[in-house]
There are 2 protein chains.
Amino acid sequence: MNGKTTREQIIEAADRLFYQQGFEHTSFADISQAVNISRGNFYYHFKSKDEILDAVIKLRFLRTQTLLNTWEKHNQHPLERIRSFVNILIMNQNKIISYGCPVGTLCSELNKLNHSAEADANKLFDLFRQWLGQQFILLGHVDTADELALHVLAFSQGVATLANAFSDEIFVQREVNNMGKWLDSLTIETQHNHIFV
Amino acid sequence: MNGKTTREQIIEAADRLFYQQGFEHTSFADISQAVNISRGNFYYHFKSKDEILDAVIKLRFLRTQTLLNTWEKHNQHPLERIRSFVNILIMNQNKIISYGCPVGTLCSELNKLNHSAEADANKLFDLFRQWLGQQFILLGHVDTADELALHVLAFSQGVATLANAFSDEIFVQREVNNMGKWLDSLTIETQHNHIFV
DNA sequence: GTCTATACTGAGATAGAC
DNA sequence: GTCTATCTCAGTATAGAC
């Protein structure tokens with residue numbers, strides 16, 4: 001069919017279901033049904049539910065790295081790269097309105113479960129944080145790069161949470177526009193400092 | 001001892017545990033242990049877990065209304081009232097770093113569970129939204145009051161989510177300061193419009 | 001109002017046949 | 001690699017004694 005191994009299919013189904021239903025609320029029955037295998041067969045591929053979670057986090061990590069690399073390749077200007085990040089809110093609008101941010105909601109859930117994989121999930125946040133910080137450094141904001149990165153990250157989390165609660169597309173669009181203006185103002189202030197790579 | 005009925009004790013324990021551990025992850029055993037009653041006795045007070053959730057949401061709703069009224073009473077100026085809201089992030093810093101925002105994380109969880117109480121939980125957000133909007137109207141921002149309210153609400157959600165993920169007090173303080181400056185700039189622009197109540 | 005005992009269910013996990 | 005059957009356990013919920 002699609003050439004994907006059963007293991008890969010399981011991870012992708014789990015990825016989707018953990019996002020839509022939460023980790024704890026998703027049962028082996030749910031996943032095996034989605035992949036069309038028996039529950040028993042499951043344990044040939046994964047020894048426990050936590051192992052699937054690890055695999056899902058790893059998959060998300062790799063996909064995020066790929067995404068960030070793509071943005072870097074396609075945008076010469078660091079400001080445009082940051083805009084690519086902000087624009088996920090528009091690109092993934094429907095999913096975010098339905099289920100929130102995949103990173104934020106997973107970290108939040110694992111935190112409440114006091115789950116050992118919480119630290120790994122938080123690394124997804126770190127990935128964005130580091131990358132955004134790097135772009136702000138390239139924009140000349142060397143001293144405040146990390147602060148600015150966290151600010152943009154917090155913005156995206158706040159918008160995702162409320163978009164989910166209120167199911168409000170117009171709100172998302174408006175906030176993304178606001179953030180765009182804020183990014184403009186940041187650049188204008190320091191236009192003479194730009195060093196691109 | 002403290003004059004509280006068993007029912008009240010149950011609701012308060014559930015309120016705390018739902019916040020710390022999540023709704024689904026909190027069992028009757030957890031709550032009954034916290035209140036020091038038997039699991040069986042539980043069902044004299046509540047017919048199901050969902051009934052406890054309803055009671056918890058109702059409690060949070062009433063407490064939020066009380067809080068908003070207090071802020072209105074203690075601050076004549078709408079701007080100071082909004083600052084009171086923003087300052088919850090500092091006041092409840094430790095809890096937020098440990099468990100996130102009680103409203104945001106509950107709404108997010110109930111959304112994933114596809115739980116019927118999600119709409120009621122979202123009303124907690126509505127309460128803040130309406131109240132903040134009212135303050136912005138008093139500040140003279142009649143046309144954009146709701147947009148500004150959502151902006152402040154999104155800010156608080158974003159900061160709470162990242163504060164929880166990164167356990168970062170300094171980040172919280174910095175973002176609250178930034179928001180304070182933003183609120184100042186909003187007021188300066190329209191100082192001549194102020195009408196207080 | 002509170003307790004113990006117990007029924008029922010669903011979920012994670014294992015064993016072993018094919 | 002995949003299946004069925006089964007175990008174990010936690011969690012919700014009920015019945016009935018006190």
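Letters go in sequence order (proteins before strands), and every chain restarts at 1.
A side-chain N or O of A:Trp131 and one of A:Glu72 form a donor-acceptor pair less than 3.5 Å apart. Between the side chains of A:Asn75 and A:Ser84, at least one donor N or O sits under 3.5 Å from an acceptor N or O. With hydrogens and angles left out, the side-chain atoms of B:Gln65 and B:Asn69 include no donor and acceptor closer than 3.5 Å.
Identified under the side-chain hydrogen bond (donor to acceptor under 3.5 Å, both in side chains) test for residues 43-53 of chain B, with sequence neighbours left out: B:Asp50-B:His115.
Rounded to whole Å, atom P of C:dA11 lies 13 Å from atom CZ of A:Phe42. Put simply, NZ on A:Lys49 is 12 Å from C1' on C:dG10, counting in whole angstrom units. Whole-Å rounding puts the A:Asp30 CG to C:dG10 P distance at 12 Å. Rounding to whole angstrom units, OH of residue B:Tyr44 and P of C:dT4 are separated by 18 Å. One atom, CD of A:Gln33, and another, P of C:dA11, lie 11 Å apart when rounded to the nearest Å.
Between the B:Asn87 side chain and the B:Arg83 main chain, a donor and an acceptor come within less than 3.5 Å of each other.
Near DNA chain C, defined here as any heavy-atom distance below 4.0 Å, the residues from residues 19-29 of chain A are A:Thr26, A:Ser27, A:Phe28, listed numerically.
A nucleotide of DNA chain D counts as in contact with chain A when one of its atoms lies under 4.0 Å from a heavy atom; the first and last such, 5' to 3', are D:dG1 to D:dT4.
A salt bridge (charged side-chain N to carboxylate O under 4.0 Å, His left out) with B:Glu12 holds for exactly one of B:Lys4, B:Arg60, B:Arg7; it is B:Lys4.
Listed here is the closest heavy atom pair of B:Ala34 and B:Ala13: CB-CB, 4.1 Å.
A:Phe166 has its ring centre no less than 6.0 Å from the ring centre of A:Phe171.
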